[in-house]
Every structure is written in structure tokens, then in C-alpha cells.
Amino acid sequence: MTDLIDSLPADRDLTDDEWRFLIEGEYDRQRLFDRADRVRRQYYGTDVYIRGLIEISSFCRNDCLYCGIRRSNAKAERYRLSKEEIYACCAQGYELGFRTFVLQGGEDAYHTTEWVEEIVCGIKEKYPDCAVTLSLGERPREDYEIWYKAGADRYLLRHETASCSHYEKLHPPEQTFAHRMECLRNLKEIGYQTGAGFMVGSPFQGTGDLIADMRFLREFQPHMVGIGPFIPHHDTPFSNGSPGTLEQTLTMVALTRLTLPHALIPSTTALGTIHPEGRELGLKAGANVVMSNLSPVAVRGQYSLYDNKICIGEEAAECIECMKRRVMAAGYQVAVGRGDHVRMRQ
Ligand code: 5AD
């Protein structure tokens, strides 16, 4: 079976038994990580793309059972950045060398179609050499179209789990799996570089669910895939759950690289939260993107999806320096530029 690792990426779907072995079998994981790193180097060399993350609102109309900013969490501190504050984050980020700005937030009703359209236009006008990534959740197709026309380049919407029955255990009935998937299909059809992704070790997740994630990625072919361990948040129904493990998360990062050799795969903050060198290890297991926080330090701690989140105290300038050091120590270098998907270069 270990020959299987050397045969990846495969030009066929793997069997259930093969997936099961790769995901939960007992074998030398380092071989898998090395294989994923080799494949990543074929397409992206040792470049690591850096993104400036701006967490624009912690208000959310959704009630995902795992998430600290779910609407039922009355203890969550809520904030919303003004347009001026967002522009100030971009200005600082641009100075520091960022050429992608990721606007991420809870599903905040204050963010009307026009409000988002205006901020996207504003950023693209000021920084035509930058990419804008939106991560604002599920919206009508028309919103996605308008924002794309306004200049948004990419959209992140993790599928969270590709198994409908598992999705239903993580979300209230009004948040449907079918709608999540419809949004993802719309984004891709419209032309966004589209990001899917899932949590590893979320409550009720079994190996069958992770196999479904891999098969979904193979079929949907997203440009980006965000993968992080589930980490409990103390004010959610899953506060007593156990976090996803480092090994399991790295395994899924590596398998994602071997399923989608060209993908942009971030080494996530959640991975850095469960292990001091989590992000470095993620890069060595096939990830090729890191996100650095540009949100104002005053609100950083309030964007609290899970407990013990790292990087909530440093100013943006310190964050990027720390990130560059870590990327270099892992044997890679931070690349300047937008860092587009290899098949979506402009
Ligand atoms: N642990 C890890 N990741 C989480 N997310 C939300 N809550 C948690 C948690 N408790 C992830 C989801 C979401 C992204 C913005 O953050 O996958 O899509």
C-alpha cells in the first residue's frame, strides 16, 4: 500500500480502501508530507504567497454550532469596521508589501450589496495591482455577480464538510448543505478564483466524511482550499469537543495537495494555534499560502471563532516580519505579487 503514496497524484479516484488507508492507516506520515511537498514545488517552487486578512465584522446572522461568533452567543463581542478603517488597513498593508487583501466577516446584514460593491471598487481603484478576496458567506448569486464586476477576484466559502448528514449535525436546519453548495457553484461559474475548505476533527466527523471531502475537491476543482483543525470555543454547544490533531490536519493538507496539485492552500491560523510550529509544518506538508492579520489590534481579539487564537496582539508590521521569518525557517520564501492560481494568471 505504501507504493500508493509514490503514485500520487493519481489520475483516477482512489477506492474507499485506499482513501481509508491514506487518512487513518498506520504508515510513515513523513513520506506523505514529503511527496506533497515535492508536488507543490513542481508547480510553485518554494514560493509562499502572503495575504493580508482584514476581519471586517464579527456580527453574524448564522448559528453554526462550532463557531464563537454564532448569533446565539450573547457573550461574543461584536464590532464592525467602517470603510475608512478598512482603507486604512489596506494602506498599511500595501506599504508592508501585501498585494492581496482578504475581506472576511460574519454574515452581517449591514453589509448590503452596495456597501460591499463600493468598498471593492474603492480598493481596486486605489490599488489596481492588488487582488481582492471576499469571504462574506452565503449571498444571492446577483450579489456575487455585482461584486465580481466591481473587481473582486477571489471568494472563500469553505464547504465545511462534503457530507450532507454531517453538515446537518454542525448547523441549524435553516442553514442547508444544498444552499452552501449552490453558492460555491455560483461563485465558480461567475469566474471567481473560488475557495472551498473544511475543518478536520470537527464533532461527529468520521473517516467517511473526510473521504467525501476529498472526492468533493476532486470533482469541484476549487482554486483554493482552506483546511484547519476544529478548535472548541468555550461559548458554543461544542465547547467540550476535542480539537482536531496536528497529524490529522497535516495528512488532509498533504492529501489535498496530491488531489489538486495546482491549488492555493493556506497554512492556517488554526493550525498555528494547536501547535507552535503548525504553520511551518503545514507548508512542509503541501500548503503554499499564509495569511497575516491586518485588522486593527483593538478588534483582533473580538473576531473569536475558536479559543486561544494566535496573532491577536501584534501590529501588522510585526505580524509580517514574524511570518517571513517562519516561512524562511521552513525552507521557503514569501513571494511578492498577487499570488494567483497558476491557471488564473492575468
Ligand atoms: N474551529 C476551527 N475553525 C473554525 N471555523 C469556525 N469556527 C471554528 C472552530 N471552532 C472556521 C470555519 C469557517 C472559517 C471562517 O473558520 O471553517 O469557514
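When a ligand or atom number is given, it counts from 1 through the structure's own listing order.
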Check: Linking Ile, Leu, Val, Met, Phe, Trp and Tyr by side-chain heavy atoms under 4.5 Å, what else ends up with Leu65?
Finding: Tyr66, Leu170, Met199, Phe204, Phe230, Phe238

How far is [atom] from its nearest protein heavy atom, and which residue and atom name does that atom have?
atom: atom 4 (C) of ligand 1; result: Met199 SD, 3.5 Å
atom: atom 10 (N) of ligand 1; result: Ile231 O, 2.7 Å
atom: atom 7 (N) of ligand 1; result: Tyr66 CD1, 3.3 Å
atom: atom 16 (O) of ligand 1; result: Leu305 CD1, 3.4 Å
atom: atom 17 (O) of ligand 1; result: Glu160 OE1, 2.6 Å

Next item on the list: State whether Asp37 and Lys284 are salt-bridged, where the test is any N-O pair (Lys NZ or Arg NE/NH1/NH2 against Asp/Glu carboxylate O) under 4.0 Å.
Entry: no

Notebook entry, point to check: Is NZ or CZ of Arg29 both nearer than 6.0 Å to the six-membered ring centre of Tyr27 and within 45° of the ring axis?
Noted result: yes

Note to self: Tell me whether Arg80 forms a cation-pi arrangement with Phe59, defined as NZ or CZ under 6.0 Å from the six-membered ring centre and within 45 degrees of its axis.
What the structure shows: yes

Item checked: Enumerated ligand 1 atoms positioned under 4.0 Å from heavy atoms of Phe230 -> 1 (N), 2 (C), 10 (N)

Note to self: Within ligand 1, which atoms have a heavy atom of Arg158 less than 4.0 Å away?
What the structure shows: 11 (C), 12 (C), 17 (O), 18 (O)

Next item on the list: Dump the intermediate steps for side-chain contact (heavy atoms from CB on, under 4.5 Å) on Gln205 and Ser202, then the final yes or no.
Entry: CA-CA 6 Å; Gln205 186 179 61; Ser202 58; 3.8 Å; yes

Item checked: Counterpart residues, side chain to side chain contact (heavy atoms under 4.5 Å, CB included), relative to Phe216 (two or more places apart) -> His159, Ala162, Met181, Leu184, Ala196, Phe220

Next item on the list: Could you tell me whether His233 approaches ligand 1 through its side chain, its backbone, both or neither, with non-hydrogen atoms closer than 4.0 Å?
Entry: neither

Notebook entry, point to check: Out of Tyr127, Phe101, Tyr87, which residue meets the ring pair (Phe, Tyr, Trp, His ring centres under 6.0 Å) rule with Tyr94?
Noted result: Tyr127

Margin query: If you take the nearest heavy atom of each of Pro229, Gly197, Gly226, which one is closest to atom 2 (C) of ligand 1?
Written below: Pro229

